[in-house]
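Just so we're on the same page: letters track the sequence lines, and every chain starts at 1.
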There are 2 protein chains.
Amino acid sequence: MNAEKIPDIIIGRLPVYLRALQRMADNGIKTTSSQELGEHVGISAAQIRKDISQFGEFGKQGTGYSITYLLDKLREILKVDRIWDVALIGAGDMGHALARYQGFTNRGFHIVMVFDNNKEKVGRKIDNFVIEDADKMIERLKASNVKIAMLTIPATSAQSVTDKLVQAGVRAILNYAPISLNVPNNVKVQYIDPATHLQRMTYYL
Amino acid sequence: MNAEKIPDIIIGRLPVYLRALQRMADNGIKTTSSQELGEHVGISAAQIRKDISQFGEFGKQGTGYSITYLLDKLREILKVDRIWDVALIGAGDMGHALARYQGFTNRGFHIVMVFDNNKEKVGRKIDNFVIEDADKMIERLKASNVKIAMLTIPATSAQSVTDKLVQAGVRAILNYAPISLNVPNNVKVQYIDPATHLQRMTYYL
DNA sequence: TTGATTTTGTACAATTCGGTACAAGTCAGG
DNA sequence: CCTGACTTGTACCGAATTGTACAAAATCAA
């Protein structure tokens, strides 16, 4: 076990391992090797061994890794051995899709609030969520223990809303708006912008 | 100008620069510096200069970069100085959101087909798109010039559908299914999985 | 015109990251 | 028990990536 600072790039791969392992577990597989896992996720076996060994000796020579054990450890490392409350900001098409997405529950996340600044939408429901008024967002967040927000609003208002989220104590933002966000060092942002992702591939076509 | 192989990591940053520059241009700004652009996108000025200089000397000492000129060059490099036809596979919530997304048009992409394997959905419309039968996907794609697909289907069928896409000549896949895909070397995949992205941040909370 | 200021592109240095190779532990079968 | 096949964790090394620093070019104000 290594108590030093773990590089971001390694942390970034762990959720991919976690996802693949979870899938193997669902298929009833009990054990895997760095080799096999590597083939599933497209990463070299040595890389996987090195990444995992940053956190302890979880494998067994000759046998590989117990999937349930490794799952537990990875969930613990990534702090998804619990359920995080998440706020969804923006009830447009993308917000709707995320609100209705069934893939969060068994991966550590639970949407607890949905906000929109359109007064016509406020009070309406998406499935079980009642859309709340964005004007009340800061006070609602401050009174909650929400540390994670998903931002599905236009780029024009993304930075100002982000500032409010930070002010309200949010520490992690999944940003669907096509714009880079400026946040303090203690706040993390991940970007999802389909056009940007597509543009990362056209170069090679 | 350097004709050598450009690292993936640099190509990955160019769309971010492009997005920021496009935004500046929309705001009527004519010129920028690596310093200013860096502040917008959260990347060091030296890094930006080095990235851009891989492709030529586009800046001017003392002045910086002409935004429209740099935009043209980046679009050319990334091959988004044209419009790419894109196929959308899966007409669920996420597929709907993407089909209706207005952010593709001025960034080089145009959805031209939407498929679903649910016979009840086939023939229905999402805005102007008629949902087509997934059974006809391969032949429809082969008869088209579609090289890019967006996959918004369940993980269980993602690999088999991917194999069909590859067989039909697709060379770039934006995968929304929460699973790693296996593709030949000449096919690129980008992953969008909100739970994975969130899990990349919880470690730091 | 001149000197101060700005900014690029790049050489060089430092750091980070990934691949190779192997000792040592584990297991299955005879 | 013994042998052969597997597999981990890590030391070592080369490659890739980023940071530092500066010469040279361009601009601007006086």
Rounded interatomic separation in angstrom, taking CD from Gln35(B) and C1' from dT8(C): 13 Å
Under 4.0 Å: is that the gap between some side-chain N or O of Tyr65(A) and OP1 or OP2 of dT26(C)? no
Rounding to an integer number of Å, can you tell me how far Ile43(A) CD1 sits from dG18(C) P? 9 Å
Would you mind reporting whether Arg49(A) and Tyr65(A) have side-chain heavy atoms less than 4.5 Å apart? yes
What contact category does Ile9(B) fall into here, base, sugar-phosphate, or nothing, at under 4.0 angstrom with non-hydrogen atoms? sugar-phosphate
Reading 5' to 3' through nucleotides 25-30 of chain D, protein heavy-atom contacts under 4.0 Å coded B for base, S for sugar-phosphate only, - for none: BSS---
Side chain of Lys50(B) - closest among dG19(D), dT7(D), dG19(C): dG19(D)
Assess whether atom CZ of Arg23(B) is packed by more than 12 heavy atoms of other residues, nucleotides or ligands within 6.0 Å. yes
Rounded to the nearest 0.5 angstrom, the CZ-NE2 distance for Arg200(B) and His197(B) is 5.5 Å
Within this structure, what is the CG-CZ distance for the pair Asp72(B) and Phe58(B), rounded to the nearest 0.5 Å? 10.5 Å
How long is the line joining CG of Asp8(B) and C1' of dA15(D), in whole Å? 15 Å
Round to the nearest Å and state the distance from Phe55(B) atom CZ to dT10(C) atom C1'. 16 Å
Using atom CD1 of Ile67(A) as one end and atom P of dT8(D) as the other, report the distance to the nearest whole Å. 12 Å
Is the distance from OP1 or OP2 of dT17(D) to the nearest side-chain N or O of Arg13(B) less than 4.0 Å? no
Asp51(B) CG - dG9(C) C1' separation (whole Å): 13 Å
When you get a sec, tell me which of dT8(D), dT18(D), dG19(C) is the closest nucleotide to the side chain of Ser34(A)? dT8(D)
Give the rounded distance in Å between these two atoms: CZ of Arg49(A) and P of dA24(C). 16 Å
Return whichever of Pro7(B) or Ala46(A) has its heavy-atom-nearest nucleotide of DNA chain D closer to the 5' end. Ala46(A)
Taking 4.0 angstrom as the limit, do Asp8(A) and Lys5(A) come out as a salt bridge? yes
Using modelled atom types and a 3.5 Å cut-off, is there a donor and acceptor pairing between side-chain atoms of Asn27(A) and backbone atoms of Ile29(A)? no
In whole angstroms, the gap separating P of dT7(C) from CD of Glu39(B) amounts to 10 Å
Classify the nucleic acid contact of Ile10(B) as base, sugar-phosphate or nothing, counting any heavy atom under 4.0 Å across all strands shown. nothing
Residue pair Gln159(B) / Asp163(B), side-chain donor-acceptor N/O under 3.5 Å: yes
